[in-house]
2 protein chains.
Amino acid sequence: MVLILDLQRATHATLHRLAAHLGDLGLPPSELNALANLGERPGGASTVSELATAIGGRPTTLTGILDRLQQRGLLAREPHPRDRRTVIVRLTPDGVDAAERVLAAMRELERRALADLPPDAADSAAAVLRALSQ
Amino acid sequence: MVLILDLQRATHATLHRLAAHLGDLGLPPSELNALANLGERPGGASTVSELATAIGGRPTTLTGILDRLQQRGLLAREPHPRDRRTVIVRLTPDGVDAAERVLAAMRELERRALADLPPDAADSAAAVLRALSQ
DNA sequence: TATTGTTATACTCTATAACTATA
DNA sequence: TATAGTTATAGAGTATAACAATA
């Protein structure tokens, strides 16, 4: 058994499902991911670096994703109050709505998938996924 | 907790690690993934459709990936003995070697990541990942 | 000197729809 | 009619290196 192969398959499969569920938003996977990560944060806000870490990517990858979310009116960039190198990205009200829809679709997909598994399976899986993310 | 966000992060993070470990192969993530999946199969062979299912993608996505692996001499396409619509892709000897290196790197990455977790955590995680892949 | 984020470039990934060949 | 795989096209994702601004 090679867990990483299961990981890749599950990632691709869930992205397909989410795209189907959320097709009317017209957002590609990376934007859904960024949106949902921001939606989980207090105030829907984060620095670019923090968001890159949360996604498992790099700031250079995020720039384009954030540009498109901003063009769609789902996100705004703000200066950091104390460090003028840092950019804070924050969901707009429309962005908050979209993020909540994405998160709801993710939770629903999880709920259905995990219905027949032991209740603690999700926690075990989360621990493994976090260990693989270090 | 939204497991799918942990899933995306773990996927990105493991791809970065594997790329670093296997940099001398010069293969992008999708090719590493296809290679490892084929390496897990008897004879290193599969139909395009079966491989697409294993990866969680679509045949149309695979065509380009398989083209590049073939150009690199890691893979060959063969006719199916009984259905002339079907293509069988098979690792070459060089492809088998490369696939074994990729699988070894994946297993090593997993071994280190899971060292501090309960022994059955990997099995639980695999069950969850497979449920999410349905 | 180091860090944050962006830009430039080049390549890879992916989806959709249309297509060929075969069943 | 349906299925296996490919092609064409367009857009999205990613890495690397270089850069500007700031710490």
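We name chains A, B, ... by the order of the sequence lines, and we start the count at 1 in each one.
Nucleic acid contact class of A:T60 (heavy atoms, under 4.0 Å, all strands): base. In this structure, A:T86 reaches the sugar-phosphate backbone alone: every heavy-atom distance under 4.0 Å involves primed, P, OP1 or OP2 atoms, never a base.
Here the P atom of nucleotide C:dT6 and the CG atom of A:L51 are 11 Å apart, to the nearest Å. In this structure, B:R85 atom CZ and D:dT1 atom C1' are separated by 11 Å, rounded to whole Å. Straight-line distance from the CD atom of B:Q71 to the P atom of C:dC11: 13 Å, rounded to whole Å. Rounded to a whole Å, the NE2 atom of B:H12 is 12 Å from the C1' atom of C:dC13. Note: CG (A:L27) to C1' (C:dT14) measures 16 Å, nearest angstrom. Taking atom CG of B:L62 as the reference point, atom P of C:dA15 lies 11 Å away to the nearest angstrom. Atom pair A:L66:CG and C:dT7:C1' shows a separation of 15 Å (rounding to whole Å applied). Atom pair A:I55:CD1 and D:dA15:P shows a separation of 12 Å (rounding to whole Å applied).
With A:S46 contributing its side chain and A:L51 its backbone, the two residues share a donor-acceptor pair below 3.5 Å. Side-chain N or O atoms of B:R90 include none that pairs as donor or acceptor with a backbone N or O of B:G44 at under 3.5 Å. Judged by distance alone, with hydrogens and angles left aside, the side-chain atoms of B:E110 form a donor-acceptor pair with the main-chain N or O of A:L3 at under 3.5 Å. The main-chain N or O of A:G73 is found under 3.5 Å from a side-chain atom of A:T92 such that the two form a donor-acceptor pair.
Heavy-atom distances to DNA chain D give each of A:G57 and A:D83 a nearest nucleotide, and the one nearer the 5′ end belongs to A:G57. The nearest heavy atom of DNA chain D to A:E31 and to A:R58 marks one nucleotide each, and the one closer to the 5' end goes with A:E31.
Here B:R77 does not reach the OP1 or OP2 of D:dG5: none of its side-chain N or O atoms lies under 4.0 Å away. The phosphate of C:dT22 has neither OP1 nor OP2 within less than 4.0 Å of any side-chain N or O from B:H80. Taking 4.0 angstrom as the limit, B:T61 places a side-chain polar atom (N or O) nearer than this to OP1 or OP2 of C:dA15. Checking the phosphate oxygens (OP1, OP2) of C:dA15, a side-chain nitrogen or oxygen of A:H16 falls inside 4.0 Å.
At a threshold of 4.5 Å between non-hydrogen side-chain atoms, the residues A:L132 and B:L109 count as touching. With contacts defined as side-chain heavy-atom distances shorter than 4.5 Å, the pair B:L5/B:R9 does not qualify.
Counting only Watson-Crick and G-U wobble pairs whose two distances sit under 3.5 Å, DNA chain C takes part in these stems of three or more pairs: C:1-23 with D:1-23.
Listed nucleotides: C:dC13, D:dT6, D:dT22. Nearest to the side chain of B:V48: D:dT6. Side-chain proximity of A:I65 to the nucleotides C:dT14, C:dT7, D:dT14 is greatest for D:dT14. Taking the side chain of A:R72 as heavy atoms from C-beta on, and the options C:dC13, C:dA23, D:dA12, the nearest nucleotide is D:dA12. The side chain of B:P28 sits closest to C:dT12 out of D:dA23, D:dT6, C:dT12.
At a threshold of 4.5 Å between side-chain heavy atoms, the hydrophobic network of Ile, Leu, Val, Met, Phe, Trp and Tyr places B:L38 and B:V87 in one connected group.
Between B:A34 and B:I55 the shortest heavy-atom distance is CA-CD1, 3.9 Å.
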